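Okay, structure first, notes after.
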Number of protein chains: 2
Amino acid sequence: MRISSKVECGIISLVDICIYSNNSVVTVINISARQNISAKYLEQILPQLRQADIIRSVKGSHGGYVLTRPAEKITLRDVIDALDSTVLGECSIREDSQIADAISECLWSKMTAYLQDFTDSVTLRDIADKLADTAADQPMYYI
Amino acid sequence: MRISSKVECGIISLVDICIYSNNSVVTVINISARQNISAKYLEQILPQLRQADIIRSVKGSHGGYVLTRPAEKITLRDVIDALDSTVLGECSIREDSQIADAISECLWSKMTAYLQDFTDSVTLRDIADKLADTAADQPMYYI
DNA sequence: CTGTATTCCTACTGTTTTAATAAGTATAGC
DNA sequence: GCTATACTTATTAAAACAGTAGGAATACAG
């Protein structure tokens, strides 16, 4: 399925914040450098996540972002809805069409409902854990 | 989820052909009139469905379209793939990102797999049947 | 109280995708 | 040969997307 760059970058940013905030905030510059995403682009995405109450910002020098709640309480649905309401929303376009209505009932509604449920069941913690597993498979070597 | 007008019009056209082909072919003009879709637009969509071996065309006067096989053998996945390969395809954009890989594994891959399976399980017959049910609920009155 | 590091806001721009239209060609029945 | 149809290719207008730019607001440090 087609996912916008904005949604993908948004999720990546949140996972980055989750991993790298050790009792302190994470800045746009940090995320940008680590994840190779334009800082100006992030400056457009992160405020949307703040408005959706997924992250909290600290302004001024030594400012940055932190998650508003534990990673296991932030679902991917929260994030996707905040950044692109069309992904999990309705989809039929034609009106006044009985056939379109039938397609909607047999197909789109069920697909949308599944996507909503599924994204509700996956949290930022799941992504972070998967990442830790992968890292364990490819261990770092120290000199 | 976002579905293109092309996919929706394509499915509507096929259901129309399924319903209205009584041992004969259905023309673009017929579909256009019944479904309120521009004939010129349909002329762009139907050839794609023919190339995907979902419908067969008869050229010349008295020409038109018919399904290549029974409606219960045409899945919605066949149709969606024929008209828009991005709907059921891969979705991650960022490369060289461990986090993007983890998101893909935890989220996109599973979602895509579900959508493929589900659309594989729904056929044109299902839509046509649902339509017949709805019509029965709202009976026509004859004078 | 000034400098600096940061978030925040709004607008802009170039590219791609989408939706639809247009014009004309090819085919086959009558 | 006329007509009704499918077929092909090109074009256009609008919208969405991805990313950029400039500067305002904020708060900490010295």
Side-chain angles (χ1 to χ4, degrees), chain A residues 1-13 17 21 24-33 35-52 54-66 68 80 83-87 89 91-95 100, chain B residues 1-13 17 21 24-33 35-52 54-66 68 80 83-87 89 91-95 100:
Chain A
M1 60 183 303
R2 175 71 78 83
I3 289 297
S4 65
S5 150
K6 190 155 133 184
V7 168
E8 192 171 33
C9 290
I11 301 174
I12 290 173
S13 299
I17 293 170
S21 69
S24 92
V25 299
V26 173
T27 69
V28 161
I29 301 285
N30 290 159
I31 302 173
S32 170
Q35 305 303 331
N36 223 36
I37 301 170
S38 146
K40 276 294 179 187
Y41 194 29
L42 292 175
E43 278 185 351
Q44 191 181 324
I45 294 170
L46 296 184
Q48 285 188 62
L49 295 173
R50 183 180 51 77
Q51 281 168 28
I54 294 168
I55 52 181
R56 190 166 52 77
S57 70
V58 177
K59 289 187 191 174
S61 194
H62 296 98
Y65 293 96
V66 283
T68 56
I80 294 170
L83 295 175
D84 182 352
S85 62
T86 72
V87 178
C91 40
S92 186
I93 300 147
R94 300 272 150 186
E95 315 237 327
Chain B
M1 59 182 306
R2 175 72 76 82
I3 289 298
S4 65
S5 151
K6 190 156 135 185
V7 168
E8 192 171 32
C9 290
I11 301 175
I12 290 173
S13 299
I17 294 171
S21 70
S24 92
V25 299
V26 173
T27 68
V28 161
I29 301 286
N30 290 158
I31 302 172
S32 169
Q35 305 304 331
N36 223 35
I37 301 170
S38 146
K40 278 292 178 189
Y41 194 30
L42 292 175
E43 278 186 349
Q44 192 181 323
I45 296 170
L46 295 185
Q48 286 189 62
L49 295 173
R50 182 181 52 78
Q51 282 167 29
I54 293 168
I55 52 181
R56 190 167 53 77
S57 70
V58 177
K59 288 188 192 174
S61 193
H62 296 98
Y65 293 96
V66 284
T68 55
I80 294 170
L83 294 174
D84 183 350
S85 61
T86 71
V87 178
C91 40
S92 185
I93 298 147
R94 300 273 150 187
E95 316 236 327

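Throughout, protein chains are lettered first and strands after them, A, B, ... in sequence-line order, and every chain is numbered starting at 1. Worth saying up front: this structure is predicted, and the values here are computed from it rather than measured. Heavy-atom basis, side chains included; hydrogens, waters and symmetry copies ignored.
In this structure, A/Ile80 CD1 and A/Ser85 OG are separated by 12.0 Å, a value rounded to the nearest 0.5 Å. The distance from the CZ atom of B/Arg94 to the OG atom of A/Ser5 is 5.0 Å, given to the nearest 0.5 Å. One distance of note links CD1 of B/Ile3 with OG of A/Ser92; it measures 10.0 Å at 0.5 Å rounding. Expressed to the nearest 0.5 Å, how far OH of B/Tyr65 lies from CZ of B/Arg50 amounts to 6.5 Å. Rounding to the nearest 0.5 angstrom, the gap separating the CG atom in B/Asp84 from the CD atom in B/Glu8 is 13.0 Å.
Following rounding to the nearest Å, B/Gln51 (CD) and D/dA6 (C1') show an atom-to-atom distance of 13 Å. What separates CD1 of B/Ile55 from C1' of D/dC7 is a distance of 12 Å, to the nearest Å. Atom CG in B/Leu46 sits about 12 Å away from atom P in D/dT8, given to the nearest Å. Distance A/Lys40 NZ to D/dG23 P: 11 Å, rounded to the nearest Å. In this structure, B/Glu43 atom CD and C/dG24 atom C1' are separated by 11 Å, rounded to whole Å. Distance, B/Arg2 CZ to C/dT17 C1': 10 Å, rounded to whole Å. For the pair A/Leu42 CG and C/dT7 P, the interatomic distance rounds to 10 Å; values are reported in whole Å. The distance between atom CG of A/Leu83 and atom C1' of D/dA18, rounded to the nearest whole Å, is 14 Å.
Comparing B/Ile29 and A/Ser5 against DNA chain D, the residue whose closest nucleotide sits nearer the 5' end is B/Ile29. For A/Gln44 and A/Thr86, each mapped to the nucleotide of DNA chain D holding its nearest heavy atom, the one lying further toward the 5' end belongs to A/Thr86.
When all heavy atoms are compared, the tightest approach of A/Leu42 to A/Ser13 is CD2-OG, 3.2 Å.
Applying a 4.0 Å cut-off to non-hydrogen atoms, the residues of residues 56-65 of chain B that approach DNA chain C are B/Lys59, B/Gly60, B/Ser61, B/His62, listed by residue number.
Contact of the A/Ile55 side chain with the A/Val66 side chain is not registered, since no non-hydrogen atoms from C-beta on lie closer than 4.5 Å.
At least one side-chain nitrogen or oxygen of B/Arg50 sits closer than 4.0 Å to the OP1 or OP2 atom of D/dC7. Between A/Ser38 and D/dA18 there is no side-chain N or O to OP1 or OP2 distance below 4.0 Å.
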